Number of protein chains: 2
Amino acid sequence: MGGNETGDMSVELTGIAHGEAAGTGTLGKAVAVLEAVVMADGPQRFTDILARSGQPRGTLHRLLSHLVEEGLLVQRRDLSYEPGLRLLTLASRSWAGNRFRDVAEPHLRSLHELTGETVHLGILRETEIVYVDKVESRQTVRMSSQIGKASPVYCTGIGKAALSLLPQPELERLVAKMAFHAFTPHTHRSAETLLAEIADIRRDGHAFDREEHEIEIRCVAAPIRVSGSDLTAGISVTGPAYRVSMEQLIAWSGAVRAAAAAIGEEAAIRLGPGRGGP
Amino acid sequence: MGGNETGDMSVELTGIAHGEAAGTGTLGKAVAVLEAVVMADGPQRFTDILARSGQPRGTLHRLLSHLVEEGLLVQRRDLSYEPGLRLLTLASRSWAGNRFRDVAEPHLRSLHELTGETVHLGILRETEIVYVDKVESRQTVRMSSQIGKASPVYCTGIGKAALSLLPQPELERLVAKMAFHAFTPHTHRSAETLLAEIADIRRDGHAFDREEHEIEIRCVAAPIRVSGSDLTAGISVTGPAYRVSMEQLIAWSGAVRAAAAAIGEEAAIRLGPGRGGP
DNA sequence: TCTTAATGTTCCGATATGTGGAACGCGATT
DNA sequence: AATCGCGTTCCACATATCGGAACATTAAGA
């Protein structure tokens with residue numbers, strides 16, 4: 001198969017957040033195209049995807065055909081492409097069947113009852129945090145749009161907390177891959193300041209988000225280590241700055257750490273070899 | 001694809017129902033393996049997947065490696081495989097971004113308020129119904145495990161309702177592909193009885209599930225047609241037999257039909273060419 | 001209406017990639 | 001020590017993928 005020299009452009013365009021190089025191997029290309037369509041806002045026309053994926057016309061057309069055949073994409077009557085139902089089927093299984101989430105959920109709830117604010121559960125994947133559960137006041141929404149969302153580690157409480165658990169070489173490998181994007185005036189802009197804060201987090205056992213990802217939003221987070229598993233995760237309590245002061249976050253930090261520790265221990269038991277888990 | 005004895009009906013049927021023989025093309029094999037792992041109950045060891053997928057050892061090993069590289073699967077320390085986080089990310093987008101669901105949701109809610117019973121929204125895909133939304137009394141569960149689940153058309157209210165919208169040739173093509181499995185004593189066992197009932201459904205505009213899928217569970221459903229789209233769907237009100245009589249279902253049928261009609265019209269407008277939707 | 005442009009689809013030789021049977025390494029069990 | 005079960009690696013072979021270019025099919029413009 002021909003080399004691709006266009007490669008890096010597509011990564012740039014496809015998404016700022018995903019570091020993973022698009023298109024290694026045949027499957028890689030297929031998934032990259034799939035992601036390009038799914039992550040877009042509306043139905044995508046052939047030309048849109050062509051520009052976004054950087055694949056040659058012929059290749060792209062075949063990839064799309066196969067994705068449609070497999071039910072991962074659907075082609076509308078106006079020839080544009082959309083996510084297919086099979087994706088939903090696959091996904092719901094991987095969420096509902098996620099035992100780590102099950103273990104953590106009661107703790108998220110009690111943390112929510114204590115604080116009255118939104119509680120998140122996130123898992124570290126390379127340089128991103130993927131949110132796998134959320135408990136908030138307005139329970140009317142079932143599967144929050146937040147779930148499944150991936151955010152950069154360096155500007156989220158859970159992200160920084162999770163990083164603090166990594167061995168130094170691994171941490172440095174990840175930091176080297178990060179492109180620091182300034183979401184707010186308080187966002188970390190360099191590896192140095194981030195690493196310095198992580199040293200503090202290791203000492204304190206908890207991390208803060210001081211309006212680093214979104215202005216007027218603060219959180220306190222604690223890392224979750226599951227012994228016997230490679231999984232690194234974290235929980236956080238998040239609230240608007242006008243309602244939640246830094247003092248308040250500090251007051252909650254103990255409870256957050258305790259919940260994180262409890263989840264970690266319980267998960268280590270319930271996810272032991274043989275049983276399921278994320 | 002090898003048989004599976006796991007006992008979870010949905011898995012068994014899901015596999016059979018996709019007419020697509022597992023493994024057409026390279027991508028097909030990859031997705032088949034992915035599905036085998038995701039649909040299973042716990043972490044799957046290499047040998048489990050080997051038996052289930054029917055692929056040769058070498059091939060399977062490479063496929064799994066690629067799936068892990070892409071983040072669609074994760075390999076645990078004990079070498080077993082599980083759904084990866086990237087799947088969750090893809091999925092949540094295809095659910096949250098589903099405009100058809102958005103359009104339908106308010107109608108599901110008001111139908112729930114009227115009846116007090118569980119309301120489902122499902123979309124037809126070949127010979128299955130895929131549930132894309134659900135409103136039930138116990139709102140505490142966010143994304144119901146039901147969502148994304150695929151059930152056979154011939155034994156569900158929504159399924160039979162949706163079939164009633166198809167042109168006869170298409171209907172017959174699908175019926176020919178069905179393997180009638182007797183879930184309960186009331187399940188359709190042959191194409192003849194099913195086709196006869198569909199004739200009635202076309203006349204009445206609504207369908208019933210008389211404990212055909214699960215014993216003690218009844219429902220009344222109505223089909224949703226979205227003009228200008230290939231999508232065929234339906235909604236239903238479901239309840240336990242001890243609480244919901246057939247008379248009650250008949251009494252609700254008008255409201256269900258009205259809601260279905262409203263969803264269809266609204267969707268036709270909001271999902272028109274250019275706008276998004278399933 | 002005719003011409004031009006833009007978009008989606010199909011074709012085909014070259015070859016990188018996937019294929020799968022067999023051999024290998026390793027740990028557990030007898 | 002020998003056997004078994006399990007996961008991994010290897011390699012000659014075949015084929016699915018690649019991608020440029022030609023072809024179809026509208027939509028836009030003169």
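Every chain is numbered from 1, with letters handed out A, B, ... down the list of sequences. Just so it is clear, the model here is predicted, and its values are computed rather than measured.
Atom-to-atom, CD of Glu69(B) to P of dG18(C) comes out at 10 Å; the value is rounded to the nearest Å. Atom P of nucleotide dT17(D) and atom CG of Leu27(B) are separated by 8 Å, given to the nearest angstrom. The CD-C1' distance, from Gln55(B) to dG21(C), rounds to 14 Å in whole Å. In this structure, Asp78(B) atom CG and dG7(D) atom C1' are separated by 13 Å, rounded to whole Å. The nearest whole Å value for the distance from the CD atom in Gln44(B) to the P atom in dC6(D) is 14 Å. Leu60(B) has its CG atom 14 Å from the P atom of dT9(D), to the nearest Å. Following rounding to the nearest Å, Arg76(A) (CZ) and dG8(C) (C1') show an atom-to-atom distance of 17 Å. Across the protein-nucleic acid pair, Leu64(A) atom CG and dT9(C) atom P stand 9 Å apart, rounded to whole Å.
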Determine, stepwise, if the pair Lys29(B) / Glu70(A) fulfils salt bridge (Lys or Arg N to Asp or Glu O under 4.0 Å). CA-CA 10 Å; Lys29(B) 288 184 188 174; Glu70(A) 293 304 324; over 6 Å; no
Output, in order, the C-alpha distance, side-chain angles, deciding distance and verdict of side chain to side chain contact (heavy atoms under 4.5 Å, CB included) for Arg125(B) and Thr89(A). CA-CA 12 Å; Arg125(B) 181 182 64 185; Thr89(A) 304; 4.1 Å; yes
Begin with the C-alpha distance, continue with both residues' side-chain angles, and end with the deciding distance and a verdict on side chain to side chain contact (heavy atoms under 4.5 Å, CB included) for Glu128(A) and Leu85(B). CA-CA 11 Å; Glu128(A) 294 179 322; Leu85(B) 287 176; over 6 Å; no
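For Thr59(B), a side-chain nitrogen or oxygen approaches OP1 or OP2 of dG20(C) to under 4.0 Å. Close to dT8(D), at under 4.0 Å from its OP1 or OP2, lies a side-chain N or O of Gln75(B). In this model, the phosphate group of dT19(C) is approached by a side-chain N or O of Lys29(B) to a distance below 4.0 Å at OP1 or OP2. Taking 4.0 angstrom as the limit, Thr26(B) places none of its side-chain polar atoms (N or O) nearer than this to OP1 or OP2 of dA16(D). The phosphate of dT8(D) has OP1 or OP2 within less than 4.0 Å of a side-chain N or O from His61(B).
For Phe46(B), the side-chain atoms get nearest to dT8(D) when compared with the rest of dT8(D), dC6(D), dG18(C).
Taking a 6.0 Å sphere around CZ of Arg225(B), one finds it holds 12 or fewer heavy atoms contributed by other residues, nucleotides or ligands.
Partner of Thr127(A) under the side-chain contact (heavy atoms from CB on, under 4.5 Å) criterion, chosen from Val175(A), Leu163(A), Leu174(A): Leu174(A).
Side-chain to base pairing of Arg57(A) with dG8(C): one donor and one acceptor N or O lie within less than 3.5 Å of each other.
Checking Gly58(A) against Arg62(B), the closest nucleotide of DNA chain C that is more toward the 5' end is the one next to Gly58(A).
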